[in-house]
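Counting starts at 1 for both ligands and their atoms, following the listed order. Not measured: the values here are computed from a predicted model.
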Amino acid sequence: MDFNSKLSGIFYADKDIPTEFTLPSLVHQREYLSNGEMREWNGPVHEVFSPVCIHTENGLERKLIGSYPVCTEKEAMESLDAAVAAYNNGRGEWPTMGLAERINCVERFTGKMIEQKDIIVKLIMWEIGKSVADSNKEFDRTVEYIYATIDSLKNLDRDSSGFEIVDGIAAQVRRSPLGVVLCMGPFNYPLNETFTTLIPALIMGNTILFKPPKFGTLLHYPLQEAFRDCFPKGVVNVIYGRGNAIVPGLMQSGKINVLTLIGSSKVANELKKSHPKVNRLRAVLGLDAKNAAIVTSNADISLAVKETLSGSLSFNGQRCTALKIVWVHRSKVDLFLSEFSKAVAELKYGMPWEKGVSLTPLPETNKIEYLNSCIEDAQLHGAQVVNENGGQSAGSFFYPAVVYPVNNKMKLYYEEQFGPIVPVVPFDDLEETISYLIESTHGQQVSIFSEDAGEVAALIDPLVNQVSRVNINSQCQRGPDVFPFTGRKDSAEGTLSVADAIRSFSIRSLVAFKMNDSNKQLINQIVKEDTSNFLSTKFIF
Ligand SMILES: NC(=O)C1=CN([C@@H]2O[C@H](COP(=O)(O)OP(=O)(O)OC[C@H]3O[C@@H](n4cnc5c(N)ncnc54)[C@H](OP(=O)(O)O)[C@@H]3O)[C@@H](O)[C@H]2O)C=CC1
Ligand SMILES: O=C(O)[C@H](O)COP(=O)(O)O
């Protein structure tokens, strides 16, 4: 059997899909949450096809799993107005509610979310083709992130008075909300990357307009009622439709105070520019990256292969933190390529519900065409696919391609391929790798593989000035989620992590009392009041 037929064979006939992994029914969603009510939608809908293909009489076809409303700018603006009204210039019920009460609402919401775990995990798997093990991880990590955010707020360092006195001035630091947050996430972590911004923004007293990504929309449907039931009217609004059709108008209205977008820098830049008062807009952005691995002549090659394999190919390379280019010292390149290609051949590929599977079908419909164009461009400029069967595809599945030797004439040298291609570049001098990172428009992370302490130390200083995390003898990754997560250059704006997100979605405001006799009286009276919304007395927070 040729390899292409073998690849087609990984897909099932519909009737053979194990029932424990099938959806209970097609998910035809016809409501969206706006201003505290589920509004019925009778307009056009978008049909959702899974990346999982099925064998049909017409050949391999993506399986239909449901549909959702394609709202227009009109509905989007109404929902934005609901968020604006709920915020009410900071005087609404939600922004003025004590922090403890807001935390209670989020805890109640999280409880309801946990009740929906089964269906949400299944929808992650069906909508974006993530393995069932990784879909479960995405869910659990999201819940852990929410609880860690709550814990970090509960454990804030406060003194009993809530005031810090410096040079005769008693000051109290409050973390105040910013207003209306437009929240958008990417398809690759459709639950997690949305909630790591949405929940901190919400808990800090902002109101939300949330648009789910086009792949990864249905999985948010089971949460709409929980949002409605746990938060005051208009505090969370969910709008469906295509980003390019409904979002620019929202930005142009000037009513958005914070744009939070985890996605591509191209979209983020366009949206920021379209805001009429961009100097008043806060942007919290997690964007594209071209993370490099540097495998030096002193590297432990088996460790480098193990880490770069999962670093570049887990979830088919569809992670912003994925290693998207691997630099290998010329003295080690043959060994690296042969070991890496062997390791690729051992990866299990198949349907997302299969045990131990790590390579699965790709959700983006035009992705395989794009990946092939990257390979053709590399071949035109002198590189080859060096692993057996690399770059072959069937239906929505693309078998990983290791491409060598990549150079600066090729797309794969610069572009974020966001898929299962591993470009390998040989180098003679470490300065070449440093120059690459200096010239790159991206600046998220880098991995260094070397057993030589002097060499590692000499690389850390120049690299830490180019990227926001340098990993030593390990792949790039976001976690643990308490670590600051950001990027330099075009890769991010603002920082996300449990504590940083709280800062990103609020602003410090001081209430300062000069310590004269009348103010001392006032402070005593004020301190008796409920101070639950006073977040910190520490100026540094
Ligand atoms: N740094 C980080 O933390 C992370 C960054 N990413 C990056 O995300 C990208 C992959 O995700 P992907 O979903 O393709 O990213 P996109 O930028 O295409 O989409 C992100 C969001 O923006 C919306 N959007 C897209 N185009 C427009 C437009 N013209 N106007 C308004 N809104 C728009 C999308 O809506 P719709 O889907 O309807 O088009 C989606 O909700 C990669 O570049 C990856 O590196 C991913 C994860 C983490
Ligand atoms: O969305 C992404 O790609 C993530 O930020 C990557 O997270 P991970 O490193 O934990 O997979």
Side-chain angles (χ1 to χ4, degrees), residues 46 48 68 70-71 73 76 127-128 130 134 137-138 141-142 145 182-197 209-217 220 239-252 256 259-274 284-291 310-324 362-367 370 415-419 442-445 447 468-469 471 474-481 483-497 501:
H46 175 78
V48 180
Y68 59 79
V70 182
C71 297
E73 215 175 276
E127 282 194 88
I128 60 163
K130 191 173 268 190
D134 285 349
K137 265 193 220 152
E138 177 167 351
R141 181 180 184 178
T142 308
Y145 186 95
L182 173 61
C183 179
M184 290 192 291
F187 78 82
N188 65 325
Y189 273 91
L191 183 75
N192 184 270
E193 287 287 16
T194 298
F195 278 66
T196 51
T197 55
L209 179 57
F210 161 45
K211 194 210 81 63
K214 59 182 171 293
F215 308 106
T217 290
H220 292 285
I239 191 80
Y240 300 97
R242 290 305 305 277
N244 57 5
I246 54 176
V247 177
L250 298 174
M251 292 302 291
Q252 284 153 18
I256 306 283
L259 167 68
T260 182
L261 184 139
I262 313 295
S264 57
S265 49
K266 181 173 171 288
V267 172
N269 287 336
E270 277 169 19
L271 290 179
K272 265 172 67 182
K273 271 193 239 139
S274 65
V284 182
L285 310 171
L287 306 172
D288 30 58
K290 182 86 178 168
N291 294 342
S310 107
S312 57
L313 291 176
S314 53
F315 192 39
N316 312 298
Q318 299 167 125
R319 294 161 58 230
C320 66
T321 49
L323 286 168
K324 295 178 185 124
L362 308 178
E364 291 175 285
T365 42
N366 50 3
K367 193 71 193 202
Y370 169 74
E415 285 183 20
E416 185 202 37
Q417 66 273 27
F418 213 69
H442 297 100
Q444 194 196 67
Q445 298 192 22
S447 291
S468 60
R469 174 165 164 170
N471 301 280
S474 71
Q475 59 178 291
C476 300
Q477 62 185 38
R478 177 167 37 131
D481 290 342
F483 283 7
F485 180 54
T486 181
R488 298 171 75 126
K489 304 181 193 168
D490 291 347
S491 286
E493 193 168 324
T495 305
L496 292 169
S497 77

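In terms of protein heavy-atom proximity, atom 3 (O) of ligand 2 is nearest to Cys320 N, 2.5 Å. In terms of protein heavy atoms, atom 36 (P) of ligand 1 is closest to Lys211 NZ, 3.7 Å. With respect to atom 11 (O) of ligand 1, the closest heavy atom belonging to the protein is Pro186 CB, 3.4 Å. In terms of protein heavy-atom proximity, atom 2 (C) of ligand 1 is closest to Cys320 SG, 3.2 Å. Closest to atom 23 (C) of ligand 1 among all protein heavy atoms lies Met184 SD, 4.1 Å. For atom 5 (O) of ligand 2, the nearest non-hydrogen atom of the protein is Glu193 OE2, 2.6 Å. For atom 42 (C) of ligand 1, the closest non-hydrogen atom on the protein side is Glu416 OE1, 3.4 Å. The protein atom (non-hydrogen) at minimum distance from atom 29 (N) of ligand 1 is Asn244 CB, 3.4 Å. Taking atom 12 (P) of ligand 1 as the reference point, the nearest protein heavy-atom neighbour is Phe187 CD2, 3.9 Å. Nearest non-hydrogen protein atom to atom 6 (C) of ligand 2 is Thr321 OG1, 3.1 Å. Nearest non-hydrogen protein atom to atom 7 (O) of ligand 2 is Arg478 NE, 3.2 Å. Looking only at heavy atoms of the protein, atom 39 (O) of ligand 1 is closest to Lys214 NZ, 3.3 Å.
The N/O atoms of Leu287, backbone and side chain alike, include one that comes under 3.5 Å of an N/O atom in ligand 1. Checked by distance only, ligand 1 and Ser264 come closer than 3.5 Å through their nitrogen or oxygen atoms. Looking at Cys476 next to ligand 2, no N or O pair under 3.5 Å apart turns up. At under 3.5 Å, a nitrogen or oxygen of Gly243, whether backbone or side chain, sits near a nitrogen or oxygen of ligand 1.
Distances from ligand 1 to the non-hydrogen atoms of Phe215 include no value under 4.0 Å. The closest approach between any non-hydrogen atom of Ala268 and ligand 1 is not below 4.0 Å. Using a 4.0 Å cutoff on heavy atoms, Pro213 counts as a contact of ligand 1.
Under the 6.0 Å cut-off for aromatic ring centres, Tyr240 and His220 do not qualify, their centroids lying 6.0 Å or more apart.
Listed by atom number, the atoms of ligand 1 under 4.0 Å from Gly185 heavy atoms are 20 (C), 21 (C), 40 (C), 41 (O). Heavy-atom contacts of Asn188 reach the following atoms of ligand 1: 46 (C), 47 (C) (cutoff under 4.0 Å). Every atom of ligand 1 with a heavy atom of Gln444 under 4.0 Å away is listed here by number and element: 1 (N). Less than 4.0 angstrom separates some heavy atom of Asn188 from each of these atoms of ligand 2: 1 (O), 2 (C), 3 (O). Within ligand 1, counting atoms from 1 as listed, the ones closer than 4.0 Å to a heavy atom of Ile262 are 2 (C), 3 (O), 4 (C), 5 (C), 20 (C), 47 (C), 48 (C). Residue contact check: Phe485 has heavy atoms under 4.0 Å from atoms 3 (O) of ligand 1. Within ligand 2, the atoms closer than 4.0 Å to a non-hydrogen atom of Gln477 are 9 (O), numbered from 1 in the order shown. For ligand 1, the atoms sitting less than 4.0 Å from at least one non-hydrogen atom of Arg242 are 38 (O), 39 (O), numbered in the order shown with element in parentheses.
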(Q) Test side chain to side chain contact (heavy atoms under 4.5 Å, CB included) on Met251 and Lys272; report intermediate values, then the result. (A) CA-CA 8 Å; Met251 292 302 291; Lys272 265 172 67 182; 5.7 Å; no

CA sep, side-chain torsions, deciding dist, call: Lys214, Arg242, side chain to side chain contact (heavy atoms under 4.5 Å, CB included): CA-CA 7 Å; Lys214 59 182 171 293; Arg242 290 305 305 277; 3.4 Å; yes

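Checking side-chain atoms of Gln475 against main-chain N and O of Ala322 turns up no donor-acceptor pair under 3.5 Å. Asn269 places a side-chain N or O within donor-acceptor distance of the main-chain N or O of Ser265, the cut-off being under 3.5 Å. Thr486 contributes a side-chain N or O that, together with a main-chain N or O of Gly494, makes up a donor-acceptor pair within less than 3.5 Å. Not a single donor-acceptor pair under 3.5 Å links the side chain of Asp481 to the backbone N or O of Ser497.
For Arg319, heavy-atom contacts with ligand 2 shorter than 4.0 Å involve the backbone as well as the side chain. Only the side chain of Glu193 comes within 4.0 Å of ligand 1, counting heavy atoms alone; its backbone N, CA, C and O stay farther away. By the criterion of a heavy-atom distance under 4.0 Å, the side chain of Val247, and not its backbone, is placed next to ligand 1. Contact annotation: for Phe485 versus ligand 2, heavy atoms closer than 4.0 Å belong to the side chain alone. Using a 4.0 Å cut-off between heavy atoms, Asn192 makes no contact with ligand 2 at all. Contacts of Tyr189 with ligand 1, taken as heavy-atom pairs under 4.0 Å, are absent altogether. When non-hydrogen atoms are compared, ligand 2 lies under 4.0 Å from the side chain of Arg141 (C-beta onward) but not from its backbone.
Within the model, atoms CD1 of Ile262 and CZ of Phe485 stand 7.5 Å from one another, a figure rounded to the nearest 0.5 Å. Here Phe187 contributes atom CZ and Leu362 contributes atom CG; the two are 8.0 Å apart, rounded to the nearest 0.5 Å.
For the residue pair Gln444 and Asn291, a side-chain donor N or O sits within less than 3.5 Å of a side-chain acceptor on the partner. Under the 3.5 Å distance criterion, with hydrogens and angles disregarded, no donor-acceptor pair is assigned to the side chains of Gln318 and Tyr189. If you check the side chains of Asp288 and Ser264, you find no donor sitting under 3.5 Å from an acceptor. For the residue pair Gln445/Ser468, the side-chain donor-acceptor check at 3.5 Å is not satisfied. Counting only N and O atoms by type, the side chains of Gln417 and Lys290 include a donor and acceptor under 3.5 Å apart.
The shortest distance between side-chain heavy atoms of Glu127 and Thr217 falls below 4.5 Å. Counting heavy atoms from C-beta outward, Pro213 and Pro186 have side chains that stay 4.5 Å or more apart.
Cation-pi geometry between Lys324 and Phe418 is not met at under 6.0 angstrom from the ring centre and within 45 degrees of the axis.
With respect to the salt-bridge test (charged N to carboxylate O, under 4.0 angstrom), the residues Glu193 and Arg478 qualify.
Of the candidates Thr260, Val247, Thr194, Met184 forms a side-chain contact (heavy atoms from CB on, under 4.5 Å) with just one, namely Val247.
When all heavy atoms of Ala289 and Ser491 are compared, the closest pair comes out as CA-OG, 3.9 Å. Residues Ile128 and Gly216 share a closest heavy-atom pair of CG2-N, 4.4 Å.
The closest non-hydrogen atom to atom 8 (P) of ligand 2, taken over Phe418, Tyr189, Phe315, comes from Tyr189. Of the options Ser491, Ala322, Gly263, Ser274, the smallest heavy-atom separation from atom 9 (C) of ligand 1 is shown by Gly263. Residue Val267 holds the heavy atom nearest to atom 27 (C) of ligand 1 of all those in Leu261, Val267, Leu182.
Shown here, atom 19 (O) of ligand 1 is out of close reach of the protein: none of its heavy atoms lies under 4.0 Å off.
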